[in-house]
Amino acid sequence: MSLLELIAAADERGLAASAVACLDRCLPQPADGADPDPLRPLWVGCADGSGWPDRLAEVRAVLDAAADTEGAAPQIRKLLGDAPVDRAAPQLREWADACSLLALEVHLRQDAAPPAGLEAVRCCREGDPEGAGPLLAGELRRQVRILEMLAETIEAAGAGAGLRQVLDVSTEGQRVLRAAVSRRARGRG
């Protein structure tokens, strides 16, 4: 299935978790003394939908207070501002799609030799990653893997374990992107 098909088929928990994972991977390196994991409360909200509104408000407040202007931080704050408070499927699907798109665009910008702009992102989302750079292709694989893992754990009693696996995949992706950003900054410096 293509990424777009997986997003279309995902349940509310899968949409919320995949969106949070996308935003989590795009967060810039935190400043000294800043919370290294400001989206952690939203991960809890993914497991327990009833806590989503409070967790979302908490994360919005933390990121607004940080007022980070580096990298994708302003776009992440905007997307969190647009996040549906009630986790209703139609609005949640649109939000998850926007988070997916942001993550792919951020990875595209960091590729050493970016392919043909947003056309490459569109092709990747539709299931044709040919010609995508390594960061963009890697992010596409992560998003697909995360949505597939979440779909597999829908009926599982230990759905929290599925979220733990998603968080692990997302954290590894975050490390990859931050390393690429660091290399690129050193190359310009």
Asker: Please report the closest heavy-atom contact between G127 and S2, naming both atoms and the distance.
Answerer: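 It is N-CB, 3.8 Å.
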Asker: For P84 and W52, work out which heavy atoms get closest and say how close.
Answerer: O-NE1, 2.8 Å
Asker: Closest heavy-atom contact between A10 and L15?
Answerer: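 Answer, listing the atom of A10 first, then L15: CB-CD2, 3.7 Å.
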Asker: Are L4 and M149 grouped together when hydrophobic residues (ILVMFWY) are joined by side-chain heavy atoms under 4.5 angstrom apart?
Answerer: no
Asker: When clusters are formed by joining ILVMFWY residues with side-chain heavy atoms under 4.5 Å apart, either directly or through shared neighbours, do V166 and V44 land in the same one?
Answerer: no
Asker: Does D111 use its side chain to pair, donor to acceptor, with the backbone of L135 at less than 3.5 Å?
Answerer: yes
Asker: Tell me whether R93 at atom CZ has more than 12 heavy atoms from other residues, nucleotides or ligands lying less than 6.0 Å away.
Answerer: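 Correct, the count exceeds 12.
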Asker: Are L101 and L147 co-members of a hydrophobic cluster defined by side-chain heavy atoms under 4.5 Å apart?
Answerer: yes
Asker: List the steps and the verdict of side chain to side chain contact (heavy atoms under 4.5 Å, CB included) for R183 and Q110.
Answerer: CA-CA 10 Å; R183 277 192 304 277; Q110 294 304 321; over 6 Å; no
Asker: Report yes if some heavy atom in the side chain of R13 is under 4.5 Å from a heavy atom in the side chain of T153; otherwise report no.
Answerer: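 R13 vs T153: side chains touch.
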Asker: Indicate, with yes or no, if L102 and V181 share a hydrophobic cluster defined by side-chain heavy-atom contacts under 4.5 Å among Ile, Leu, Val, Met, Phe, Trp and Tyr.
Answerer: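 Linked within one cluster.
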Asker: How long is the straight-line distance from SG of C99 back to CG of L80, given to the nearest 0.5 Å?
Answerer: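 Atom-to-atom, L80:CG and C99:SG are 7.0 Å apart.
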Asker: How close do D48 and R87 get, heavy atom to heavy atom, and via which atoms?
Answerer: C-NH1, 4.4 Å
Asker: Is there a donor-acceptor pair under 3.5 Å between the side chain of W95 and the backbone N or O of D82?
Answerer: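 Answer holds: no.
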Asker: Under 3.5 Å, is there a donor-acceptor pair between the side chain of W43 and the main chain of R164?
Answerer: no
Asker: Could you tell me the separation between the CG atom of D97 and the CG atom of L92, rounded to the nearest 0.5 Å?
Answerer: 11.0 Å
Asker: Rounded to the nearest 0.5 Å, what's the gap from CZ on R55 to CD on E58? Could you check?
Answerer: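 Spacing of CZ (R55) from CD (E58) equals 6.0 Å.
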Asker: Going from CD1 on I7 to CE on M1, what distance comes out if it is rounded to the nearest 0.5 angstrom?
Answerer: 11.0 Å
Asker: Rounded to the nearest 0.5 Å, how far does CD1 of I146 lie from OG of S170?
Answerer: 5.0 Å
Asker: I'd like to know if the side chain of R178 reaches the main chain of L27, judged simply by a donor and an acceptor atom lying under 3.5 Å from each other, with no hydrogens or angles considered.
Answerer: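 Judged by distance alone, yes, a pair lies under 3.5 Å.
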Asker: Please report the closest heavy-atom contact between E139 and A103, naming both atoms and the distance.
Answerer: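 For E139 versus A103, the nearest heavy atoms are OE2-CB, 3.3 Å.
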Asker: Please name the pair of heavy atoms, one in L150 and one in A17, separated by the smallest distance, quoted to 0.1 Å.
Answerer: CD1-CB, 3.7 Å
Asker: To the nearest 0.5 Å, what is the distance between CZ on R142 and SG on C22?
Answerer: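 Output value for this atom pair is 10.0 Å.
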Asker: Given side chains that start at C-beta, do those of L42 and R60 come closer than 4.5 Å, heavy atoms only?
Answerer: no
Asker: Under a 4.5 Å cut-off applied to non-hydrogen side-chain atoms, are L104 and L3 in contact?
Answerer: yes
Asker: Looking at R184 and A180, would you say the former's side chain and the latter's main chain have a donor-acceptor pair under 3.5 Å?
Answerer: no
Asker: Establish whether L79 and V62 are linked, either directly or via other cluster members, by ILVMFWY side-chain heavy-atom contacts under 4.5 Å.
Answerer: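 Different clusters: L79 never reaches V62 through Ile, Leu, Val, Met, Phe, Trp or Tyr contacts under 4.5 Å.
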Asker: Would you please test T171 and R175 for side-chain hydrogen bond (donor to acceptor under 3.5 Å, both in side chains) and show each step?
Answerer: CA-CA 6 Å; T171 299; R175 285 187 204 115; 5.5 Å; no
Asker: Going through the checks in order, is the salt bridge (Lys or Arg N to Asp or Glu O under 4.0 Å) test met by R145 and E148?
Answerer: CA-CA 5 Å; R145 183 172 172 210; E148 288 173 345; over 6 Å; no
